[in-house]
Amino acid sequence: LLVQQGENDKCSARTGGALLSWRERAVLEQVARGRTNAQAAQALGISPHTVKHRLDTLYRALAVHDRTSAVVMALRHRWMTLDGIHSLPL
């Protein structure tokens, strides 16, 4: 899974005037891999509470209500791709 980076380490596309931080993109990538909050936290070296907080912020920024919608939006806007996702362990 590849996350596209733009100017100032933010997603290059705007949605609702909001940009995703590099940490929000990293959490979104973990979600796209099917990982739970606890698994994403372990992979990123942060707490599950921080993952939940980042997801809540991300949902507001993207004007979505769940993980699936956030990933679908990111894929549609080409903020990330699914390249290589099958070769990486879950």
Side-chain angles (χ1 to χ4, degrees):
L1 190 75
L2 301 175
V3 178
Q4 304 293 325
Q5 292 188 10
E7 185 177 307
N8 297 325
D9 201 33
K10 300 276 186 177
C11 283
S12 56
R14 281 189 174 266
T15 300
L19 294 173
L20 302 182
S21 71
W22 68 272
R23 184 58 89 181
E24 290 161 350
R25 289 194 326 266
V27 168
L28 185 58
E29 180 179 342
Q30 295 298 312
V31 167
R33 291 176 188 271
R35 294 190 172 135
T36 65
N37 288 3
Q39 291 168 329
Q42 183 175 13
L44 297 172
I46 58 178
S47 75
H49 175 77
T50 300
V51 170
K52 182 177 179 348
H53 173 73
R54 294 291 183 179
L55 285 171
D56 290 341
T57 301
L58 190 134
Y59 296 161
R60 282 192 304 277
L62 300 180
V64 298
H65 300 286
D66 58 50
R67 301 161 87 86
T68 302
S69 298
V71 171
V72 168
M73 180 173 280
L75 291 170
R76 280 189 183 152
H77 288 282
R78 298 182 184 191
W79 297 334
M80 67 177 159
T81 67
L82 294 177
D83 294 341
I85 194 167
H86 299 294
S87 64
L88 298 171
L90 292 177

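Computed from a predicted structure; not experimentally measured.
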### Query
Is there any salt bridge (charged side-chain N to carboxylate O under 4.0 Å, His left out) pair reaching into residues 63-76, and which pairs are they, with sequence neighbours excluded?
none
Heavy-atom pair of closest approach, residues [X] and [Y]:
X: Ser47; Y: Ala41; result: C-CB, 3.5 Å
X: Ala40; Y: Arg35; result: N-CB, 4.2 Å
X: Ala70; Y: Leu28; result: CB-CD1, 3.8 Å
X: Gln39; Y: Gly34; result: OE1-O, 4.2 Å

### Message
Under 4.0 Å between a side-chain nitrogen and a carboxylate oxygen: does that hold for Arg33 and Glu29?
### Response
yes
### Query
Is any side-chain N of the basic residue among Arg60 and Asp56 closer than 4.0 Å to the acidic one's carboxylate O?
no
Any side-chain heavy-atom pair of [X] and [Y] under 4.5 Å:
X: Arg23; Y: Thr50; answer: no
X: Met80; Y: Val71; answer: yes
X: Val31; Y: Val51; answer: no
X: Val27; Y: Leu58; answer: no

### Task
Can you measure from CG (Asn37) to CZ (Arg54) and round to the nearest 0.5 angstrom?
13.5 Å
### Query
Taking atom OG1 of Thr57 and atom CD of Glu24, what is their separation to the nearest 0.5 Å?
5.5 Å
### Task
Treat each ILVMFWY residue as a node, draw an edge where side-chain heavy atoms are under 4.5 Å apart, and state whether Val72 and Leu20 are in one component.
no
